[in-house]
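One structure is given below, encoded as structure tokens.
A, B, ... follow the sequence lines: proteins, then strands. Residue 1 opens every chain. Keep in mind that this is a model prediction, so the values were computed, not measured.
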Protein chains: 2
Amino acid sequence: MKIIEVDEELYQYIASQTKSIGESASDILRRLLNLPVSGVNLTAVDLTQSTMNSTNEEKGTQLPAEKNVVAETPKPSSEQEIKTPARKQSTQSIQHIVTKVKNLLQSEAFQEESKMVVRFLNILSVLYRTNPESFAQATEQETSQGRTRTYYARDEATLLAAGNHTKPRQIPDTPYWVITNTNSGRKMLMLERTMQFMELPEELIDEVRPYFAVV
Amino acid sequence: MKIIEVDEELYQYIASQTKSIGESASDILRRLLNLPVSGVNLTAVDLTQSTMNSTNEEKGTQLPAEKNVVAETPKPSSEQEIKTPARKQSTQSIQHIVTKVKNLLQSEAFQEESKMVVRFLNILSVLYRTNPESFAQATEQETSQGRTRTYYARDEATLLAAGNHTKPRQIPDTPYWVITNTNSGRKMLMLERTMQFMELPEELIDEVRPYFAVV
DNA sequence: GAAGGGATCGCCGGGATTTTTC
DNA sequence: CCGAAAAATCCCGGCGATCCCT
């Protein structure tokens with residue numbers, strides 16, 4: 001075992017990501033970093049998993065995980081001061097989405113998929129399911145509108161009414177619909193704007209981008 | 001600063017992700033986890049480029065930058081890869097099917113046969129009978145579905161329900177049914193996909209192909 | 001739904017390309 | 001009038017099932 005030093009806030013963050021009682025720091029980090037579970041260390045069951053099409057996935061919410069179990073180090077009395085700037089999402093909830101999206105990108109099904117629409121819908125599905133409220137808000141921004149078209153809605157009719165041939169599709173496992181008759185560039189643009197509104201890191205957006213690039 | 005313990009391999013991985021000389025563990029982890037940079041800690045010079053780990057495209061040129069200074073080890077094969085070795089058939093069982101299929105192809109009856117459907121059904125029959133589980137799984141893939149039709153099922157009704165004139169037929173000596181109202185090209189395609197899923201060698205598939213070729 | 005087989009042709013979905021709008 | 005951004009036409013490839021031939 002190796003020892004590394006991390007700052008207080010980061011330590012708290014890692015501890016907060018504990019999913020199973022007794023998980024070690026390595027277990028948590030491996031999960032967060034999408035690394036394979038190391039050989040001999042199968043202590044905890046992996047609760048994460050991407051969903052390419054399965055519906056039996058936790059819908060949005062997150063078990064309030066046990067906090068601080070990492071290592072043996074006792075927690076100092078000086079409490080954490082993770083600030084929650086108004087109307088900002090918690091770093092934690094964002095990280096959760098990031099992980100889910102990465103899992104999706106990694107999944108065999110996603111990689112093999114040849115149709116942009118399917119990829120598009122799958123990503124939106126993960127975004128919605130990991131944070132419905134944030135997604136809903138993103139949907140209402142004017143960046144989710146075109147000149148005449150409406151990009152997202154809770155029903156097909158709304159989309160059909162706002163354009164001539166938008167080819168709306170329901171986002172899988174979601175009450176939302178999206179328009180679909182767009183080129184790949186616009187699909188990516190729509191994803192980008194939505195993800196930006198949801199405060200996901202640019203870096204993640206950049207990981208998505210290649211999948212919609214015109215080759 | 002807090003201390004946490006991580007296993008050797010994970011430590012090496014983290015170290016290998018160093019992008020700037022002198023980066024601390026916290027810096028690296030924050031970057032990998034997409035967390036905001038903490039406070040006022042912009043100590044290190046940014047060398048980036050030559051990311052060597054990002055799977056994303058690299059635009060622009062590539063400085064032959066110095067790599068990792070922290071820790072000596074190159075990064076482990078932890079590249080995000082995640083295949084699905086889940087269902088791996090034994091080489092042996094595959095070989096068994098190969099033999100059986102070859103026998104069929106060789107048989108007088110098969111060679112003489114003038115109807116594609118019969119050939120089609122016979123091959124499927126052998127596939128099923130030599131490895132029912134694998135065949136069953138193949139059957140459930142979405143490659144066993146058309147836009148509206150369902151290609152295989154355990155009963156006639158399912159197939160009838162999913163198309164207009166599919167002409168289902170029971171696969172001889174088998175609990176399975178297939179649709180039959182397709183041209184030869186599609187019959188071959190169905191065989192090909194099924195055989196591929198069953199991990200039969202391309203070579204064998206190529207031996208089958210001529211029997212469904214449009215002459 | 002009853003003759004059966006399967007090639008041919010028409011439809012549909014995907015999305016790059018073109019057209020329209022501002 | 002030009003350029004950018006958005007809309008939607010339309011081509012291509014894949015699939016379904018009609019319908020011709022045996």
Task: Interatomic distance, B:Asn183 CG vs C:dC9 P [rounded to whole Å] - done: 13 Å
Task: Atom-to-atom span, CE of A:Met188 to C1' of C:dG14 - whole angstrom - done: 19 Å
TODO: Rounded to the nearest angstrom, tell me the gap between atom NZ in B:Lys115 and atom P in C:dA7.
DONE: 14 Å
Open item on the list: Between B:Arg30 and A:Glu9, does the salt bridge (charged side-chain N to carboxylate O under 4.0 Å, His left out) criterion hold? Intermediate values first, please.
Closed with: CA-CA 10 Å; B:Arg30 280 173 178 278; A:Glu9 189 193 351; 3.3 Å; yes
TODO: Send over the distance from B:Leu189 CG to C:dA7 P, rounded to a whole Å.
DONE: 14 Å
TODO: State which of C:dG5, C:dG15, D:dA17 makes the closest approach to the side chain of B:Arg169.
DONE: C:dG5
- [ ] When you get a sec, tell me which of D:dG14, C:dG5, C:dG14 is the closest nucleotide to the side chain of B:Lys167?
- [x] C:dG5
- [ ] Provide the distance between the two C1' atoms, one in D:dA17 and one in C:dG1, to the nearest whole Å.
- [x] 15 Å
TODO: Measure from the side chain of B:Arg149, starting at C-beta and using heavy atoms only, and say which of C:dG1, D:dG16, C:dG6 lies closest.
DONE: D:dG16
Task: N or O in side chain of B:Ser184 less than 4.0 angstrom from C:dA7 OP1/OP2 - done: yes
Task: Contact under 4.0 Å: A:Asn164 side-chain N or O vs D:dA8 OP1/OP2 - done: yes
Open item on the list: Using the side-chain heavy atoms of B:Met116, tell me which of these nucleotides is nearest: D:dC15, C:dG6, C:dG15.
Closed with: C:dG6
Open item on the list: If you apply the rule ring pair (Phe, Tyr, Trp, His ring centres under 6.0 Å), what do you find for A:Tyr211 with A:Phe110, and how did you get there?
Closed with: CA-CA 10 Å; A:Tyr211 291 105; A:Phe110 186 88; 5.0 Å; yes
Open item on the list: Tell me whether the side-chain N/O atoms of B:Thr180 come closer than 4.0 Å to OP1 or OP2 in C:dG5.
Closed with: no
Task: Among C:dT8, D:dA6, C:dG6, the nucleotide that comes nearest once only the side chain of A:Arg193 is considered - done: D:dA6
Open item on the list: On the nucleotide D:dG16, are OP1 or OP2 found under 4.0 Å from the side-chain N or O atoms that B:Thr148 carries?
Closed with: yes
TODO: Counting heavy atoms from C-beta on, name the nucleotide in D:dA17, D:dA8, D:dA6 closest to the side chain of A:His165.
DONE: D:dA8
Open item on the list: Hydrogens and angles aside, do B:Gln106 and B:Gln111 bring a side-chain donor and acceptor to less than 3.5 Å of each other?
Closed with: no
Open item on the list: Would you say A:Ser125 and A:Asn122 are linked by a side-chain donor-acceptor pair, where the criterion is simply a distance under 3.5 Å?
Closed with: no
Task: Spacing between A:Asn181 atom CG and D:dT9 atom C1', to the nearest angstrom - done: 8 Å
Task: From C:dA16, D:dA17, C:dG1, nucleotide with atom closest to B:Glu156 side chain - done: C:dG1
- [ ] Provide, to the nearest angstrom, the distance between the NZ atom belonging to A:Lys187 and the C1' atom belonging to D:dA6.
- [x] 14 Å
Open item on the list: If I take atom CG in residue A:Leu121 and atom P in nucleotide C:dG14, what distance separates them, rounded to the nearest angstrom?
Closed with: 9 Å
- [ ] Using distance alone, with no hydrogens and no angle criterion, decide if B:Asp7 and A:Ser26 have a side-chain donor and acceptor under 3.5 Å apart.
- [x] yes
TODO: For the pair B:Arg209 and B:Glu192, evaluate salt bridge (charged side-chain N to carboxylate O under 4.0 Å, His left out) and give the outcome as yes or no after the intermediate values.
DONE: CA-CA 9 Å; B:Arg209 218 181 290 284; B:Glu192 183 169 351; 3.0 Å; yes
Open item on the list: How many whole angstroms separate atom CZ of B:Arg186 from atom P of C:dA7?
Closed with: 13 Å
Task: Among C:dA16, C:dG13, D:dA6, the one nearest A:Arg147 by side-chain distance - done: D:dA6
Open item on the list: Base, sugar-phosphate or nothing for B:Tyr151? Non-hydrogen atoms, less than 4.0 Å.
Closed with: sugar-phosphate
